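Heads up, the thing below is written out as structure tokens.
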Amino acid sequence: MADHPAVTAARTAHTRGDVVFQHVLTLSPHVGVQPAGRSLPNAADDVNPVLNAVAAAGWDLVTASVFNHAGSTAIGMAYVWRRR
């Protein structure tokens with residue numbers, strides 16, 4: 001899971017000295033034809049290993065919120081982390 005974009009971004013943010021880190025993971029992908037002019041997620045993230053890897057990179061989870069991509073079947077979760 002070390003190569004997931006969320007983990008890479010978390011490590012970069014920690015190295016940079018950021019205090020807060022936010023990333024969106026896909027819980028349920030878009031099903032069907034991609035709408036013109038949009039790029040919706042077409043695969044779900046394996047959330048537990050990603051969250052564990054971000055925590056191991058020096059972050060504590062503060063909050064998370066679920067959202068729907070407008071006009072899509074995709075569902076995402078926005079996670080906010082605080083530097084440990």
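Keep in mind it's a predicted model, so treat the numbers as computed, not measured.
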note = Smallest heavy-atom separation, Pro29 atom then Ala43 atom, equals CB-N, 3.4 Å
remark   = Across all chains, not counting sequence neighbours, the ring pair (Phe, Tyr, Trp, His ring centres under 6.0 Å) partners of His14 are Trp59
inquiry  = For Pro41 versus Thr26, what's the shortest heavy-atom pair and its separation?
reply    = CB-OG1, 3.4 Å
message = Which heavy atom of Ala74 sits nearest to which heavy atom of His30, and what is that distance?
response = CB-N, 3.6 Å
inquiry  = With a 4.5 Å cut-off on side-chain heavy-atom distances among I, L, V, M, F, W and Y, is there a chain of contacts connecting Val50 to Met77?
reply    = yes
message = Here's a test for you: under side chain to side chain contact (heavy atoms under 4.5 Å, CB included), which of Val7, Leu25, Leu61 qualifies with Leu51?
response = Leu25
ask   = side chain to side chain contact (heavy atoms under 4.5 Å, CB included) with Ala56: which residues, sequence neighbours excluded?
value = none
ask   = If you group Ile, Leu, Val, Met, Phe, Trp and Tyr by side-chain heavy-atom gaps below 4.5 Å, do Val54 and Val80 land in one group?
value = no
inquiry  = Using the rule that Ile, Leu, Val, Met, Phe, Trp and Tyr join whenever any side-chain heavy atoms are under 4.5 Å apart, tell me whether Val66 and Val62 fall into a single cluster.
reply    = no
ask   = According to the salt bridge (Lys or Arg N to Asp or Glu O under 4.0 Å) rule, which pairs have a member within residues 54-83, sequence neighbours left out?
value = Asp60-Arg84
request  = Determine the interplanar angle of the Trp81 and Tyr79 rings, folded into 0 to 90°, and report it as parallel if under 30°, tilted if 30 to 60°, perpendicular if over 60°.
outcome  = tilted
ask   = With a 4.5 Å limit on heavy-atom distance, are the side chains of His4 and Asp45 in contact?
value = yes
